[in-house]
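This report refers to the structure that appears directly beneath it.
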Amino acid sequence: LKRSTSEAWNEFLSRIEVSSSLKGSEELIRTFYTALYHSAIHPSLYSDVNGEYRGMDRKVHKADGYDRYTVFSLWDTFRALHPLLTIIDEKRTNDFINSFLAIYREGGKLPIWELSGCETDCMIAYHSVPVITDSYVKGIRGFDANAALEAMIASSDKSEYGKEFYLQYGYLPAEMEHESVSKTLEYSYDDFTIATLAKELGSREVYNRYITRAQYYKNLFDP
């Protein structure tokens with residue numbers, strides 16, 4: 001068991017090879033691979049050996065054709081970790097997105113900061129959507145893209161965290177919602193990624209709607 005575990009980690013860490021002739025490089029390389037090791041700890045496997053797991057609705061479900069993952073701290077990971085994993089871990093990236101879609105079916109929205117079948121609603125925006133789009137445009141498509149777009153639209157339109165004001169005014173007024181600037185910026189970015197997937201799937205109406213929303217960040221600036 002120890003040997004097979006060591007081999008599994010070595011296979012993952014070997015997906016990026018670094019070398020250096022610099023003095024003291026051994027310590028730098030050790031630091032690099034320690035960081036790469038850390039990148040693989042979460043998201044972590046949630047489904048049991050038979051594929052079963054307790055879902056967002058507190059019922060037992062079975063992951064069919066994928067592994068269900070948990071600990072989607074997406075505000076922390078959408079910028080760098082998930083783009084890295086699209087390059088070095090395509091299989092788990094598909095599992096992540098299929099886990100997103102299961103979370104949507106069970107809980108009514110894509111994950112914000114999901115933990116063990118519970119939505120903590122920690123941090124802001126809906127950053128599962130850039131993970132989905134980034135994966136799709138890179139050719140990682142082991143998931144239902146049309147179902148993903150539907151989930152992205154539903155999650156972005158859900159009336160919570162000031163989104164009703166964002167849609168009404170084209171930005172978030174500070175007197176109506178805290179973290180108004182950060183939320184406006186991040187909603188706009190996420191909406192751009194929804195527009196991008198809609199364009200990829202040939203959905204012109206959705207693209208036009210979300211590419212307009214993607215410009216809302218400009219309304220924060222006084223010309």
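It should be emphasised that the depicted structure is a prediction, and the values quoted were computed from it without experimental measurement.
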**Beyond-backbone contact of Glu106 with His61, side-chain heavy atoms, under 4.5 angstrom** = yes
**Request:** List the steps, then state whether side chain to side chain contact (heavy atoms under 4.5 Å, CB included) holds for Phe72 with Ser99.
**Result:** CA-CA 10 Å; Phe72 290 115; Ser99 296; 3.9 Å; yes
Please tabulate, for the side chains in residues 193-206, all donor-acceptor contacts under 3.5 angstrom to protein atoms that are two or more places apart in sequence or on a different chain.
from, atom 1, to, atom 2, distance (Å)
Thr193, OG1, Asp190, O, 2.6
Thr196, OG1, Phe192, O, 2.9

**Prompt:** Which residue pairs pass the side chain to side chain donor-acceptor pair (under 3.5 Å) test with at least one member in residues 27-39, sequence neighbours excluded?
**Reply:** Glu26-Arg30
**Asked** Do you know which two heavy atoms are closest between Ala154 and Tyr104, and how far apart they sit?
**Response** CB-OH, 3.5 Å
**Prompt:** Under the side-chain hydrogen bond (donor to acceptor under 3.5 Å, both in side chains) test, which residues partner Asn50, sequence neighbours left out?
**Reply:** Glu52
**Request:** Report yes or no: does Glu119 contribute a side-chain atom to a donor-acceptor pair with the main-chain N or O of Met56 at less than 3.5 Å?
**Result:** no
**Request:** Report the distance from atom OG of Ser25 to atom CZ of Phe32, rounding to the nearest 0.5 Å.
**Result:** 13.5 Å
**Asked** Which pair of heavy atoms, one from Ile29 and one from Ser20, lies closest together, and at what distance?
**Response** CD1-N, 4.1 Å
**Request:** Kindly state whether the ring of Phe143 and the ring of Phe100 have centres lying under 6.0 angstrom apart.
**Result:** no
**Asked** What residues, two or more places apart in sequence or in another chain, satisfy side-chain hydrogen bond (donor to acceptor under 3.5 Å, both in side chains) together with Glu186?
**Response** Trp75, His127
**Request:** Identify the heavy atoms of Leu13 and Leu36 that sit nearest to each other, and give their distance.
**Result:** O-CD2, 3.7 Å
**Prompt:** Hey, are the side chains of Ile153 and Tyr210 touching, using non-hydrogen atoms and a 4.5 Å cut-off?
**Reply:** yes
**Item:** Hphob cluster co-occupancy, Leu149 + Ile211, side-chain heavy atoms under 4.5 angstrom
**Value:** no
**Whichever hydrophobic residues join Val60 through chains of side-chain contacts under 4.5 Å** = none
**Message:** Between Lys109 and Ala151 (side chain of the first, backbone of the second, donor and acceptor by atom type, cut-off under 3.5 Å), is there such a pair?
**Reply:** no
**Asked** Any side-chain heavy-atom pair from Arg141 and Asn94 closer than 4.5 angstrom?
**Response** no
**Request:** Applying side chain to side chain contact (heavy atoms under 4.5 Å, CB included), run through Leu81 and His42 and close with a yes or a no.
**Result:** CA-CA 10 Å; Leu81 175 63; His42 294 303; over 6 Å; no
**Request:** Report yes or no: do Tyr166 and Asp191 form a side-chain donor-acceptor pair below 3.5 Å?
**Result:** yes
When the side chains of residues 216-223 are checked against the rest of the protein, which donor-acceptor pairs come out under 3.5 Å, sequence neighbours left out?
from, atom 1, to, atom 2, distance (Å)
Lys218, NZ, Gln215, OE1, 2.9
Asn219, ND2, Gly170, O, 2.8

**Asked** What pairs with Lys138 under side-chain hydrogen bond (donor to acceptor under 3.5 Å, both in side chains), at least two apart in sequence or on another chain?
**Response** Thr86, Asp134
**Prompt:** Is there a path of hydrophobic side-chain contacts, each under 4.5 Å between heavy atoms of I, L, V, M, F, W or Y residues, that connects Met123 with Val71?
**Reply:** yes
**Prompt:** Mind checking whether Tyr189 and Val137 sit in one hydrophobic cluster, side chains of I, L, V, M, F, W, Y counted as touching below 4.5 Å?
**Reply:** no
**Item:** Under 3.5 Å donor-acceptor, Thr120 side chain and Trp113 backbone
**Value:** yes
**Request:** Could you tell me whether Phe96 and His82 have their ring centroids closer than 6.0 angstrom?
**Result:** yes
What donor-acceptor contacts under 3.5 angstrom involve side-chain atoms of residues 2-9, with partners at least two apart or in another chain?
from, atom 1, to, atom 2, distance (Å)
Ser4, OG, Leu1, O, 2.9
Thr5, OG1, Leu1, O, 2.8

**Cluster check Leu185, Phe78: I/L/V/M/F/W/Y, side chain < 4.5 angstrom** = yes
**Side chain to side chain, Leu172 and Val181, heavy atoms closer than 4.5 Å** = no
**Fill in**
Smallest heavy-atom separation, Ser135 atom then Thr93 atom, equals OG-CG2, 3.3 Å
**Asked** Heavy-atom distance under 4.5 Å between the side chains of Arg15 and Ile87, does that happen here?
**Response** no
**Request:** Look at Glu114 together with Arg68 and state whether they make a salt bridge at an N to O cut-off of under 4.0 Å.
**Result:** yes
**Item:** Side-chain heavy-atom pair Ile132, Leu110 within 4.5 angstrom cut-off
**Value:** yes
**Complete:** To the nearest 0.5 Å, atom NZ of Lys158 lies from atom CD1 of Ile112 at 9.5 Å
**Distance-only polar pair, side chains of Tyr171 and Ser188, donor-acceptor under 3.5 Å** = no
**Asked** Hey, are the side chains of Pro111 and Tyr126 touching, using non-hydrogen atoms and a 4.5 Å cut-off?
**Response** no
**Message:** Rounded at 0.5 Å granularity, tell me how far CG in Asp64 sits from CG in Asn98.
**Reply:** 10.0 Å
**Fill in**
So CD1 of Ile97 and CD1 of Ile140: to nearest 0.5 Å the spacing works out to 7.0 Å
**Request:** Tell me who clusters with Tyr66, hydrophobic residues only, linked when side chains sit under 4.5 Å apart either directly or through other members.
**Result:** Tyr46, Tyr53
**Asked** Between the side chain of Thr184 and the main-chain N/O of Ser180, is any donor-acceptor distance below 3.5 Å?
**Response** yes
**Prompt:** Can you list every salt bridge (Lys or Arg N to Asp or Glu O under 4.0 Å) pair that touches residues 70-80, not counting sequence neighbours?
**Reply:** none
**Request:** Any side chain to side chain donor-acceptor pair (under 3.5 Å) involving residues 142-151? Give me the pairs, sequence neighbours left out, ordered by first then second residue.
**Result:** none
**Prompt:** Do Arg213 and Leu167 touch side chain to side chain, with heavy atoms closer than 4.5 Å?
**Reply:** yes
**Prompt:** Can any side-chain N or O of Ser182 pair as donor or acceptor with the backbone N or O of Glu179 at less than 3.5 Å?
**Reply:** no
**Request:** Sequence neighbours left out, what passes side-chain hydrogen bond (donor to acceptor under 3.5 Å, both in side chains) with Tyr136? Give chain and number order.
**Result:** none
**Request:** Examine Val18 and Leu22 and state if one hydrophobic cluster contains both, with Ile, Leu, Val, Met, Phe, Trp and Tyr joined whenever side-chain heavy atoms are less than 4.5 Å apart.
**Result:** no
**N-O pairing of Arg92 and Asp89 below 4.0 Å** = yes
